[in-house]
Amino acid sequence: MKSYHADERGYYGEFGGAFIPEMLYPNCEELRQNYLGIMEEPSFKEEFHQLLKDYVGRPTPLYFAKRLSEKYNTKIYLKREDLCHTGAHKVNNTIGQILMAKRLGKNRIIAETGAGQHGVATATVCALMGIQCVVYMGEIDIARQAPNVARMKMLGAEVRPATSGSKTLKDATNEAIRDWINNPVDTHYIIGSVVGPHPYPDMVARFQSVISEEMKNQLQEKEGRENPNYVVACVGGGSNAAGAFYHYLDVPEVGIIAVEAAGKGIDSGKSAATSALGKVGIIHGSKTLLMQTQDGQITEPYSISAGLDYPGVGPMHAHLYTSGRGEFISITDDDAMKAGLELCKLEGIIPAIESSHALAIFEDRKFNPDDIVVVNLSGRGDKDLQNYIDYFKL
Amino acid sequence: MNRIKQKLQEDKKILSIYFSAGYPNLGDTVKIIQDLEKNGVDLIEIGLPFSDPLADGPTIQESSTAALKNGMNTALLFDQLKDIRKTVSIPLILMGYFNPVLQYGVEEFCAQCEEIGIDGLILPDLPLDVYKEEYEGIFKKHGLINVFLITPQTSDERIKAIDEASEGFIYMVSSASTTGAKQGFGSEQSDYFNRIASMGLNNPQIVGFGISNAETFGQATQKAKGAIIGSAFIKYLTANGVDDISDFVKQIR
Ligand SMILES: Cc1ncc(COP(=O)(O)O)c(C=O)c1O
């Protein structure tokens, strides 16, 4: 049977691989040769799951959203990643990678961050393990995400501004990669999504796969069946989506719905809807869909949600899109904000604006009354309060 | 015979110069090439600017960004170079990242290079295995040499595989770093230079990254066949413009 997981060389169909300069080869190769073996070690598994339970607070609830379900006349469950320590799913990956880094004997961690969620999750696990942490963040993002910059500093991380290019997430990623080139022996790079060269997309997806593993058990308990009709998740780079889809990728009867940020509209020139606007190319060492000029220069995306503001998607998602396995929907800033506020009013949950994009599909995408639709609520809205306040003039 | 191979047979140390096409001014490309040849440079690497040059340090990041702002792109560069072989015979290499080449179409790109008289390509993020499986045939058909990089961290086994896949020369990155001038070379570099020299590789090696003046050029070429200067030349252009390129070359040798 055709699989939607990565093959041995890190390809999802035609997407993925490791398009890296030779300077990165030893680092990526060391990781590639070791990651599966380390993840299989009983002591690794035990430590990983213990921390997810006692530190992150897993399993996160699968919550039946009664009032939301009534409004849209279908059965909607929310997978509550917003209840994870640090406020989003990102920490599932950073816990896994910090344990990986320790086993590889690394004593210095670098990371990139856009909104600061992954930076905070990385700074958190570095504090937990007493490891030095440097987070690259675009100069523009530093200015507009002050609370997360402060959190990282409180947690002991050094936040270095990325001043090249467009001074946002893609440039912070470039800077982190350059740091790794300059520090090839002692440093591990904790990438924040299912992007970058092989083995990152597969490794990050595996760490996030705990999301769908729990969903299966929880649905079994609540509905007497492991499989929902649909799983819905927002896609920036695609890590929360990869985790939510993971155990359903090769189960054809489960519909997979990926939600991208349309920004001010797909044709507005201010959008981050990579599946609609992207072409096949290379970004950050991976062959995937990305937004670029005709000349192959990578363009700057836009979304009200900093976490979805990335010009590419992970290779898993590029493959889900081009193969037709996944249904891709894009949601504008306005519709996402409305859906976020609606969740507050109907369920008493303030979602991250990223997650609000996933919630916004119910206006137009109709489901049957007895369909079970699981929405991955990837994060909470604390970090976005200022945005909500400004938008709704609260 | 390919001009690069021919040049490498000469009994001399090779001085190779890199610059970003379209920098400092959009129309400087041809003049820079002509002046470098006139002043005795042996090989030229023409940088195709890219928005996200992740193997480059600040100097080449900035020259790439400026070149793109000036309006440089692949089609325009080919147009600027279309008559270059009427005036120069120096070996020419295009150096860039793989994505713009992919968007142009690899076959199309290579055909254009052949038509113009480009002799080789350096695409640091096109990995060895993908090159061999998908593109080697196309490069060869159009008479293009593909240059691979090695670093101090590259294993002997991989160096041998790269040597096997190379024709022309191996680009020896001087230290674990992005491009840009450093404060000279230390014992770590000489150990590395000696180690590579003692491997008895088929292809000569040309050292790049961190070479900025006569001293570092001399150190790098003690064992290796030649050396490449990039960031230092770009800094020179930034400060002095394109009128007195001979002054820069004379500082080196
Ligand atoms: C709450 C939340 N959801 C989603 C994302 C998007 O990332 P990904 O697509 O990797 O899940 C982010 C990124 O910062 C986030 O903070």
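Reminder, nothing fancy here: chain letters follow the sequence lines and each chain counts from 1. Remember, it's a predicted structure, so these values are computed and weren't measured experimentally.
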task: Output the option from B/Leu128, B/Thr154, B/Leu68, B/Thr65 having the highest count of non-hydrogen pairs under 4.5 Å with chain A.
output: B/Leu68
message: Report which part of A/Ile283 has an atom under 4.5 Å of a heavy atom belonging to chain B: side chain, backbone, both, or neither.
response: neither
- request: Apply the side chain to side chain donor-acceptor pair (under 3.5 Å) test between B/Asp52 and each candidate in A/His284, A/Lys170, A/Gln297; give the one that qualifies.
  value: A/Lys170
statement: Note: vs chain A, highest number of non-hydrogen pairs under 4.5 angstrom among B/Asp56, B/Leu123, B/Val101, B/Ile162 is B/Asp56
message: So which residue, A/Gly285, A/Pro26, A/Ser166, ends up with the most heavy-atom pairs under 4.5 Å with chain B?
response: A/Pro26
query: Does any heavy atom of chain B fall under 4.5 Å from the side chain of A/Ile20, the backbone, both, or neither of them?
result: backbone
task: Check for a donor-acceptor pair, side chain of A/His188 on one end and backbone N or O of A/Asn27 on the other, with a separation under 3.5 Å.
output: no
field: Residue pair B/Phe148, B/Phe169: steps toward the ring pair (Phe, Tyr, Trp, His ring centres under 6.0 Å) verdict
entry: CA-CA 8 Å; B/Phe148 294 100; B/Phe169 67 93; over 10 Å; no
message: Students often mix this up, so state it plainly: with edges at 30° and 60°, are the rings of A/Tyr4 and A/His319 parallel, tilted or perpendicular?
response: tilted
statement: Under 4.5 Å to a heavy atom of chain B? For A/Tyr25 that would be side chain
message: Assess, by modelled atom type and distance only, whether the side chains of B/Asn194 and B/Asp191 contain a donor and an acceptor separated by less than 3.5 Å.
response: no
- request: Give, as side chain, backbone, both or neither, the part of B/Leu149 having an atom under 4.5 angstrom from any heavy atom of chain A.
  value: both
field: Among B/Asp129, B/Leu54, B/Val173, B/Ile150, residue most engaged with chain A (heavy-atom pairs, under 4.5 Å)
entry: B/Leu54
- request: Could you tell me which portion of B/Tyr131 (side chain, backbone, both or neither) has an atom closer than 4.5 angstrom to a non-hydrogen atom of chain A?
  value: neither
- line: Looking only at B/Pro58, B/Ser155, B/Pro124, the option with the highest number of non-hydrogen pairs under 4.5 Å against chain A is B/Pro124
query: Is A/Arg9 paired with B/Glu133 through a side-chain N to carboxylate O contact shorter than 4.0 Å?
result: yes
query: What part of A/Val280 is in contact with chain B, defined as an atom under 4.5 angstrom from a non-hydrogen atom: side chain, backbone, both or neither?
result: backbone
- request: Select, from B/Gln61, B/Arg158, B/Gln153, the one with the greatest count of heavy-atom pairs under 4.5 Å involving chain A.
  value: B/Arg158
- request: Measure from the side-chain N and O atoms of B/Asp119 to the backbone N and O of B/Ile4, and report whether any donor-acceptor pair falls under 3.5 Å.
  value: no
query: Any idea how B/Phe78 and B/Tyr104 line up, ring-wise: parallel (<30°), tilted (30 to 60°), or perpendicular (>60°)?
result: perpendicular
message: Below 30° counts as parallel, above 60° as perpendicular, anything between as tilted: where do the rings of B/Phe233 and B/Tyr236 land?
response: parallel
- prompt: So which of A/Lys287, A/Glu175, A/Gln292 has the largest heavy-atom pair count under 4.5 angstrom toward chain B?
  reply: A/Gln292
statement: Whatever's closer than 4.5 Å to a heavy atom in chain A on B/Phe50 counts as both
